[in-house]
Amino acid sequence: MGQRNRNRQGLRGRITNQQLEHIQQNHERPWRAPRLGEILENLPNLDKTPASSAINDVFAAIQDFVDDEFLELCSLHSVSRGEVVILVENPDFVYHMRVAWHFALKEYLERACPGRTIRKIIFKPGRGGARFTPSPEK
């Protein structure tokens with residue numbers, strides 16, 4: 001029992017009360033996940049992020065430019081680092097869409113979305129993403 005008390009006293013003797021207070025004040029708190037209430041408060045602001053505005057700009061520009069066949073067969077999957085990924089429902093039409101639309105669509109998006117660099121347009125087979133809707137004016 002004497003050894004245990006001596007160790008405690010030895011630690012106290014080497015660290016002053018001022019040093020202990022400094023350690024307590026500057027102790028890094030463990031990371032905690034944000035509270036659910038904080039997350040829910042920020043939900044209305046999600047559509048104001050740069051990524052979502054890029055998707056919205058590209059989506060609107062594509063929908064204004066392409067024909068009804070494109071609108072029926074394709075959906076916008078993602079816009080990331082200058083790459084626009086478009087999903088084509090029927091795998092048989094992927095090549096046809098790429099040949100028919102790649103260069104014209106890339107050129108149009110560069111003009112219609114100033115400040116956005118469009119490096120590549122990728123046509124892939126798949127479903128999902130943001131569906132285009134044919135406009136009644138066309």
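The figures here come from the full heavy-atom set of this structure, side chains too, leaving out hydrogens, waters and symmetry mates.
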Shortest non-hydrogen separation from Cys113 to Asp57 and the atoms involved: SG-O, 3.9 Å

More than 12 heavy atoms of other groups within 6.0 Å of Gln19 CD: yes

Spacing of CZ belonging to Arg111 relative to CD1 belonging to Ile118, to within rounding of 0.5 Å: 12.5 Å

Glu110 backbone acceptor or donor facing Arg116 side chain under 3.5 Å: no

Pairwise side-chain hydrogen bond (donor to acceptor under 3.5 Å, both in side chains) hits with a residue in residues 85-104, at least two apart: Glu89-Arg131

Pairwise distance CD(Gln18) to CD1(Ile23) - rounded to 0.5 angstrom: 11.5 Å

Nearest-0.5 Å distance, CD1 of residue Ile86 to CD1 of residue Ile122: 10.0 Å

Rounded distance (nearest 0.5 Å) linking atom CZ of Phe70 with atom CG of Asp68: 12.0 Å

Joint hydrophobic cluster, Phe59 plus Val85, side-chain heavy atoms closer than 4.5 Å: no

Met97 with Leu87, same ILVMFWY side-chain cluster at under 4.5 Å: no

From Ile55 atom CD1 to Ser78 atom OG, the distance as rounded to the nearest 0.5 Å: 7.5 Å

Arg81 atom CZ: more than 12 heavy-atom contacts under 6.0 Å: no

